[in-house]
**Student:** 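Below: one structure in structure tokens.
Computed from a predicted structure; not experimentally measured. Just so it is clear: chains get the letters A, B, ... in the order the sequence lines come, proteins before strands, and each one is counted from 1.
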Amino acid sequence: MPHDPDPPPAKKFKPGSVFFRLEKNKPGMLLPRKGNNNVTTPIDVQRKRLPIYQAKPQLVYQLRQLNNAIVIGETGSGKTTQIPQYLYECGTGRQGIIAITQPRRVAAISLAGRVAEERRTQLGKLVGYTVRFEDVTSSETKLKFMTDGMLLREAIGDPLLLRYTVVVLDEAHERTVHTDVLFGVVKTAQRRRREINKVPLKVIVMSATMDVDLFSEYFNKSPVLYLEGRQHPIQIYYTKQPQPDYLQGALVSVFQIHQEAPPSHDILVFMTGQEEIEALARTCRDIAKHLPDGCGPMVVIPLYASLPPAQQLRVFHPAPKGHRKVILATNIAETSVTISGIKYVIDTGMVKAKRFNPDSGLEVLAVQRVSKAQAWQRAGRAGREDSGFCYPSLCFTKCVGSEHVLFIPEAVRAAVEQLELLGAVEKKEEQVLLTSLGKKMANFPLEPRYAKTILLSPDYSCCEEILSIVSLLSVDSVLYNPPARRDEVHAARRKFTSSEGDHMTLLSIYRAFKKVSGNKEWCRENFVNSRNMSLVKEVQAQLREICLKLNMKLESCGADTGKVRRCLAHGMFINTAELQPDGTYLALDTHQTVAIHPSSVLFQSKPAYVIFNELLHTSRCYMRDLCLVDPDWLLDTASEYFVRKLHLTKS
DNA sequence: GAGCACTGC
């Protein structure tokens, strides 16, 4: 699957168009654009042809002076690859490292590769990258591309970020909890370093959209530098009223365009999920069969993550001559997959996403409105090679204004509460402080409860097993479940199924996998995803390294799997569910009624107490990945908590 | 007897 190494596209801001939002009195400047790029030209010529090159002297002059700057640049302006190099070339920040953060791993890796190529150096020397479970840097590295989560992790150990002289926060419009927290971290580090006379920290925020007032405000009203890129203009057609039925709206738009536009103009429709996409695909194909003369045929292609790769590739094949290609996609087409030739984007304005529900304290998977940044991102998928059109079902103003949400207070409070329960933090005079256990936990690039469970495992002489289980749960599923071969899958899996639950079943599959040394044929016969399984081995090796560094005892409990379950119960006690007289389960922490997910090996049985990995709120609230536990273990390890919870249950 | 948007540490 080709990935888009470029930052997300921005829009061509035409004066007078709906996208134009450059106020006259706003601080900032418009930097010139010029040039054309061609992959066959030498790399330094390519660099000089980038639009940003024309602005280099001004840009360098500004960036050298400023402690904070906001850079707005469109896709193809070259800001992400060039600005770090310009800073390096002019000697800014030579005392330390220039960090460039990205929201996605692939972006960090491919950008580092590109910049290393431009500097004619081997990746990992002057230019490197750091993402989870992969660190391609050395003592020579001065330009470091990394995921924002990775920088955040480093900030735990070094809040002043002293290794760095410049931090470039790229893709700032793609707001996540990570980027939001990073904003606070770099601002504090900058101020603290000034106060104690350390080397100053330069912070550059880069964004593809013009909604940067908040960024500028947050960083002491820092100047905004505008770069022009090569994006083609996109015309936005608003509906007069927001469509109440977004699917109906999308359907009408598809056929309206189909009747009016030349057949070579492809359409991309953004929708929320598999079921919805397949249903609309059927409807479109039906209607297309009964169109009046003069209306050409259409090819409807679904695109979502769980489609097999071969079917995903269909979106790249050109439609037969005279046919219009209509792609119905999830947000996979926003950033992960770039399709050329899209002239029209129809945006339902909706997305399926995890949302924090403050009432239950849980994350719920639900259909919701897209953020403004997301709507812009979607519109930008039209007009990548030529001018394009976008038909949003919702006015942009109706989108969720992500710019107002710097932190989600409830989510932060819930997270702190969890950390408190795990003993990772304690509150002292209104302050939340990391305990020594919390500091140990921070060594692991894992969710806190997994880190805690690993740290507990030597007490149960089962560190090896816990490392295996945590690794298995940290990668994409190692189980391959083709629906068409359900009976075969069931038969093959039966020999590994453990009555103790899903964790133990996964462990026995992993043990069998190691026994045959990862034999591919064995994987195929047993419906095991060999790539993900190999990844489990790598992850486990890295986690083992961290354990050794912490002087932990790496023992195996062999066949005594009760020890493993005790350890899991101790580490994951917050996720306990209790069987009720009516046959349902009650999640003890949140007092929610929950059920065993049908994919669990415990689906047919009704154990009195289980711990679970996650809750999935769909038609019901399901527990996934369960482990059978003994209530006495729970009372032993967190008695105060359980006495309180069980008391609440009974009353 | 159900179903899985996408990232990230």
Side-chain angles (χ1 to χ4, degrees), chain A residues 1 3-4 8 101-109 130-135 146-157 171 174-182 270-278 302-308 328-337 348 350-355 363-371 374 377-378 415 441-451 470-471 473-477 479-483 486 490 539 542-543 546 583 594-605 614 616-625:
Chain A
M1 202 99 275
H3 286 288
D4 185 4
T101 69
Q102 295 291 320
R104 277 177 296 281
R105 289 166 60 97
V106 275
I109 296 168
T130 305
V131 296
R132 181 162 85 145
F133 297 131
E134 222 184 328
D135 181 15
M146 61 207 299
T147 43
D148 38 32
M150 205 67 217
L151 185 62
L152 206 52
R153 174 154 289 279
E154 284 188 16
I156 297 171
E171 313 287 11
E174 288 194 34
R175 304 282 295 279
T176 64
V177 176
H178 279 168
T179 54
D180 279 8
V181 176
L182 258 187
F270 280 103
M271 304 178 58
T272 69
Q274 172 177 351
E275 212 179 291
E276 197 177 275
I277 286 172
E278 293 294 353
L303 176 66
Y304 43 86
S306 59
L307 268 184
L328 309 181
T330 62
N331 41 348
I332 191 171
E334 271 170 32
T335 49
S336 306
V337 176
T348 60
M350 305 301 275
V351 66
K352 200 183 278 184
K354 273 192 188 142
R355 191 173 47 188
E363 281 198 318
V364 176
L365 193 66
V367 171
Q368 53 196 297
R369 282 181 179 170
V370 297
S371 69
Q374 221 174 344
Q377 174 78 17
R378 289 178 168 193
M441 284 165 61
N443 282 286
F444 295 93
L446 297 168
E447 281 176 51
R449 56 204 169 105
Y450 291 151
V470 168
S471 306
L473 297 173
S474 299
V475 304
D476 287 338
S477 178
L479 306 179
Y480 174 53
N481 294 316
R486 220 152 90 166
H490 197 250
V539 171
Q542 296 193 31
L543 296 178
I546 299 170
V594 294
I596 299 179
H597 195 275
S599 66
S600 170
V601 296
L602 295 182
F603 182 64
Q604 306 285 2
S605 51
E614 61 170 358
L616 183 73
H617 201 135
T618 50
S619 58
R620 298 164 78 180
C621 196
Y622 287 109
M623 302 178 276
R624 280 210 296 204
D625 296 318

**Student:** Checking contacts here: which listed nucleotide (B:dA5, B:dA2, B:dC4) is nearest the side-chain heavy atoms of A:Y622?
**Tutor:**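 For A:Y622, the side-chain atoms sit closest to B:dA2.
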**Student:** What is the distance from CD of A:E276 to C1' of B:dG3, rounded to the nearest Å?
**Tutor:**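 About 15 Å, once rounded to whole Å.
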**Student:** The criterion is side chain to side chain contact (heavy atoms under 4.5 Å, CB included); which residues satisfy it with A:L479, sequence neighbours excluded?
**Tutor:**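 Per chain and number, A:L479 pairs via side chain to side chain contact (heavy atoms under 4.5 Å, CB included) with A:S477, A:N481, A:R493, A:L506, A:I509.
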**Student:** Nearest to the side chain of A:Q274, which nucleotide is it out of B:dC9, B:dG1, B:dA5?
**Tutor:**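 Per side-chain heavy atoms of A:Q274, the pick is B:dA5.
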**Student:** Look at the side chain of A:R105 and decide which nucleotide, out of B:dG1, B:dA2, B:dC9, has an atom nearest to it.
**Tutor:**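 Looking only at side-chain atoms, A:R105 lies closest to B:dC9.
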**Student:** What nucleotide among B:dA2, B:dC4, B:dG8 has an atom nearest to a side-chain atom of A:P598?
**Tutor:**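 Shortest atom-to-atom distance from the side chain points to B:dA2.
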**Student:** Which of these nucleotides, B:dC9, B:dT7, B:dA5, is closest to any side-chain atom of A:M150?
**Tutor:**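 Nearest to the side chain of A:M150 among the choices is B:dC9.
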**Student:** CD of A:E614 versus C1' of B:dG3: gap in Å, rounded?
**Tutor:**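 About 13 Å, once rounded to whole Å.
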**Student:** Choosing from B:dG3, B:dC9, B:dT7, which nucleotide comes nearest the side chain of A:H597?
**Tutor:**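 Output: B:dG3.
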**Student:** Between A:R132 and A:V539, is there a side-chain heavy-atom distance shorter than 4.5 Å?
**Tutor:**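 A side-chain contact is absent here, since even the closest heavy-atom pair is not under 4.5 Å.
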**Student:** B:dA5, B:dC9, B:dA2: which one has an atom nearest the side-chain heavy atoms of A:R132?
**Tutor:**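 The listed nucleotide nearest to A:R132's side chain is B:dC9.
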**Student:** Provide, to the nearest angstrom, the distance between the CG atom belonging to A:D625 and the C1' atom belonging to B:dC4.
**Tutor:**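 For the pair A:D625 CG and B:dC4 C1', the rounded distance is 13 Å.
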**Student:** Listed by chain and number, what are the ring pair (Phe, Tyr, Trp, His ring centres under 6.0 Å) partners of A:Y622, not counting sequence neighbours?
**Tutor:**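 For A:Y622 the ring pair (Phe, Tyr, Trp, His ring centres under 6.0 Å) partners, ignoring immediate neighbours, are A:H597.
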**Student:** In whole angstrom, give the distance that lies between atom CG of A:L446 and atom P of B:dC9.
**Tutor:**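 Rounded to the whole Å, the gap is 12 Å.
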**Student:** Without decimals, in angstroms, what is the distance between A:M146 CE and B:dC9 C1'?
**Tutor:**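 After rounding, the gap between these two atoms is 11 Å.
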**Student:** With nearest nucleotide decided by heavy atoms, which residue, A:P445 or A:S599, maps closer to the 5′ end of DNA chain B?
**Tutor:**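 Nearest-nucleotide comparison on DNA chain B picks A:S599.
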**Student:** Nearest whole Å is fine: how far is B:dG8 C1' from A:Y450 OH?
**Tutor:**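 Those two atoms, OH and C1', are 14 Å apart.
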**Student:** Do A:T330 side-chain atoms and A:G273 backbone N/O form a donor-acceptor pair below 3.5 Å?
**Tutor:**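 Judged by distance alone, no pair lies under 3.5 Å.
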**Student:** How close or far is atom P of B:dC4 from atom CE of A:M271, stated in whole angstroms?
**Tutor:**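 So the CE-P distance, A:M271 to B:dC4, works out to 16 Å.
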**Student:** Look at A:T147 and B:dC9 and indicate whether a side-chain polar atom (N or O) is within less than 4.0 Å of OP1 or OP2.
**Tutor:**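 Checking A:T147 against B:dC9: at least one side-chain N or O falls below 4.0 Å of OP1 or OP2.
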**Student:** To the nearest Å, how far apart are A:L602 CG and B:dG1 P?
**Tutor:**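 Whole-Å distance recorded here is 17 Å.
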**Student:** Does any non-hydrogen side-chain atom of A:R378 lie less than 4.5 Å from one of A:V351?
**Tutor:**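 Yes - at least one pair of side-chain heavy atoms lies under 4.5 Å apart.
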